[in-house]
Amino acid sequence: MPDPSRVIAHLDMDAFYASVELLRYPELRGMSVVIGGGSRQQPRWENDAQGGAPRRVFARLRDYVGRGVITTATYEARAFGVNSAMGLMKAAKKVPDAILLPTDFDEYRKYSRLFKAAVQAIAPQVEDRGIDEIYIDLTELVAARLTPGDESEARRTRETDTWWSAREIALELKLTVRDATGLSCSIGLAPNKLIAKIASELNKPDGLAIITAPEIEARLWPLPVRRMHGVGPKSAAKLGRLGIASIGELAQAEPAWLAQNFGKANAAWMHDAANGRDDRPVVTLSEPKSISRETTFDRDLHPVHDRAQLTRIFSELCAELSSDLQRKQYASKTIGIKLRFENFKTVTRDSTLATPTDDAAEIRRAAGECLKRVELEKRIRLLGVRAGSLLPT
DNA sequence: TCTGGGGTCCTGGGGCTA
DNA sequence: TCTGTAGCCCCAGGACCC
């Protein structure tokens, strides 16, 4: 059983990028909208054919040509079976009339800062988990709000009071996020991060779900293993082949047998997680481990025939990485490259420097050394440069 | 016409050293 | 001095996440 004394919230913004775009283009509300691809799909103004007022014209998914994928989609579009990471060309077959908008990360980051600041004003123990989600440790806040009373009665009702108080705080958080951004979010409340994350998905969008320790069997175990954060498509497929489809079946699997199939550490984690055990703290401060830049070409480039173009892009990536490092005030001791070939095979090479650097020429030189260690026989689809082992400057 | 970009974490192999 | 081994770091690849 997880430690029942903790109260952890997972707050997830609903279809975040799409919702930010709907604030900008309210006329698209209720429609299938897909975000992704390059910047070519900018909406444009056109004069009405009947001579009326100019109107905004949006790109349609059916007209898309290229290699982009869906970053996110409105719930109306998702109903047609399109999802994040699906190729746009494939999505166009499912819902050709969907509106296609380009991503605008500056705008999403702006709203990300707004909702996080709003939450922190009420509950300061916040762990950043990306642009659209956070964990919040509400333990102390809940304890402070519980009114001390008769000891025996307090003990009797402590559990229900705790979750009742947590629920009130969560409703406050949802309101403050809406006030600050105009956007809705979903919150999961639980004794740990793992269950809170699953809970936040249960009543999306604009949801609030509570899973307490005694409810784990009833509410967690019937769910498919894929719902566990950390079990991706590969692990889920392997578990399926071994006859394990639900979280409950995983929870009851023999740990030694799991270890034989998934390795000791991975098996222990999966077994604990399925049983609702997760003592990871809410981490309020963290430093980045690496910073990278990569690009996928419009067409696969030949290492010899397209050498000039490849060299130019390579140098640009190094310069961009250098400026990212300088802006974020880090120097890197490990420079690496990443190549993806036309057959989708990916290779990486790393190089450790004598002294950390944030200098573009030095990064370019080290990345060039890495590149010499790769056999360049196939056409190249993607090129990337990475800075690891970061030190603050 | 498959499959982005920017990350984290884990595993396993190989080299080095105590 | 030789050998075995444990621990550590580096490197490469893979799974996963948003």
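Lettering follows sequence order; numbering is per chain, from 1.
- Residue pairs meeting the salt bridge (charged side-chain N to carboxylate O under 4.0 Å, His left out) criterion with at least one member in residues 177-206 of chain A, sequence neighbours excluded, are A/Asp12-A/Lys204, A/Asp14-A/Lys204, A/Glu127-A/Lys193, A/Glu133-A/Lys197, A/Lys174-A/Asp206, A/Arg178-A/Asp206.
- DNA chain C lies under 4.0 Å from no heavy atom of any residue of residues 106-119 of chain A.
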Go ahead and write out DNA chain B as dot-bracket, 5' to 3': ( ) for pairs within the strand, [ ] for ones crossing earlier pairs, | when the partner sits on another strand, dots for unpaired; Watson-Crick or G-U wobble, both distances under 3.5 Å.
-> ....||||||||||||||
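- Classification of A/Asp97 and A/Arg60 as a salt-bridged pair fails, no side-chain N sitting under 4.0 Å from a carboxylate O.
- Using a 4.0 Å heavy-atom cutoff across all strands shown, A/Val65 reaches no nucleic acid atom at all.
- The shortest side-chain heavy-atom distance between A/Phe16 and A/Ile35 does not fall under the 4.5 Å cut-off.
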Could you go through nucleotides 2-9 of chain B and list every protein N or O atom that sits under 3.5 Å from one of its N or O atoms, giving the distance for each pair?
residue	atom	partner	partner atom	Å
B/dT3	OP2	A/Arg381	NH2	3.2
B/dG4	OP1	A/Arg381	NH2	2.8
B/dG5	OP1	A/Thr296	N	2.8
B/dG5	OP2	A/Thr296	N	2.9
B/dG5	OP2	A/Thr296	OG1	2.2
B/dG6	OP2	A/Glu294	N	2.5
B/dG6	OP2	A/Glu294	O	3.1
B/dG7	OP2	A/Ser292	N	2.5
B/dG7	OP2	A/Ser292	O	3.4
B/dG7	OP2	A/Ser292	OG	3.2
B/dT8	OP1	A/Lys289	N	2.6
B/dT8	OP2	A/Ser290	N	3.0
B/dT8	OP2	A/Ser290	OG	2.7

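- Among the heavy atoms of the strands lying under 4.0 Å from A/Gly232 are primed sugar atoms or P, OP1, OP2 only; no base atom is included.
- Hydrophobic cluster membership of A/Leu390, counting Ile, Leu, Val, Met, Phe, Trp and Tyr whose side-chain heavy atoms lie under 4.5 Å apart directly or via other members: A/Ile291, A/Phe297, A/Leu301, A/Leu310, A/Ile313, A/Phe314, A/Leu317, A/Leu321, A/Leu325, A/Tyr330, A/Ile335, A/Ile337, A/Leu339, A/Phe341, A/Val347, A/Leu353, A/Ile363, A/Leu371, A/Val374, A/Leu376, A/Ile380, A/Leu383, A/Val385.
- Of all heavy-atom pairs between A/Ser165 and A/Arg145, the closest is OG-CB, 3.8 Å.
- Using atom P as the reference point in both B/dC2 and C/dC16, the two lie 24 Å apart (nearest Å).
- Note on A/Lys90: nothing from the nucleic acid sits closer than 4.0 angstrom, heavy atoms only.
- DNA chain C lies under 4.0 Å from no heavy atom of any residue of residues 307-317 of chain A.
- Each of A/Val283 and A/Ile134 belongs to its own hydrophobic cluster when Ile, Leu, Val, Met, Phe, Trp and Tyr are linked at side-chain heavy-atom distances under 4.5 angstrom.
- The stretch residues 21-32 of chain A participates, sequence neighbours left out, in these salt bridge (charged side-chain N to carboxylate O under 4.0 Å, His left out) pairs: A/Glu21-A/Arg24, A/Arg24-A/Asp104, A/Glu27-A/Arg56.
- Between A/Thr346 and A/Lys333, the one whose closest nucleotide on DNA chain C sits nearer the 5' end is A/Lys333.
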Could you go through the side-chain hydrogen bond (donor to acceptor under 3.5 Å, both in side chains) check for A/Thr139 and A/Asp137 one step at a time?
-> CA-CA 6 Å; A/Thr139 310; A/Asp137 192 334; 2.6 Å; yes
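- Note: the hydrophobic cluster containing A/Tyr75 does not contain A/Leu101 (ILVMFWY, side chain heavy atoms under 4.5 Å, direct or indirect links).
- Each salt bridge (charged side-chain N to carboxylate O under 4.0 Å, His left out) pair with one or both residues in residues 67-91 of chain A, not counting sequence neighbours, appears once here: A/Arg67-A/Asp300.
- When the side chains of ILVMFWY residues are joined at heavy-atom separations under 4.5 Å, either directly or via intervening members, A/Val282 and A/Ile169 end up in two distinct hydrophobic clusters.
- The ring-ring contact (aromatic ring centres under 6.0 Å, His included) search around A/Tyr135 returns A/His10, not counting sequence neighbours.
- Residue pairs meeting the salt bridge (charged side-chain N to carboxylate O under 4.0 Å, His left out) criterion with at least one member in residues 334-344 of chain A, sequence neighbours excluded, are A/Glu294-A/Lys338.
- Running 5' to 3' along DNA chain C, contacts with non-hydrogen atoms of chain A at under 4.0 Å begin and end at C/dC10 to C/dC18.
- Ring geometry for A/His305 against A/His302 counts as parallel: the plane angle stays under 30°, on a 0 to 90° scale with 60° as the upper cut.
- Contacts of A/Phe58 classified as ring-ring contact (aromatic ring centres under 6.0 Å, His included), with partners at least two apart in sequence or in another chain: A/Tyr25.
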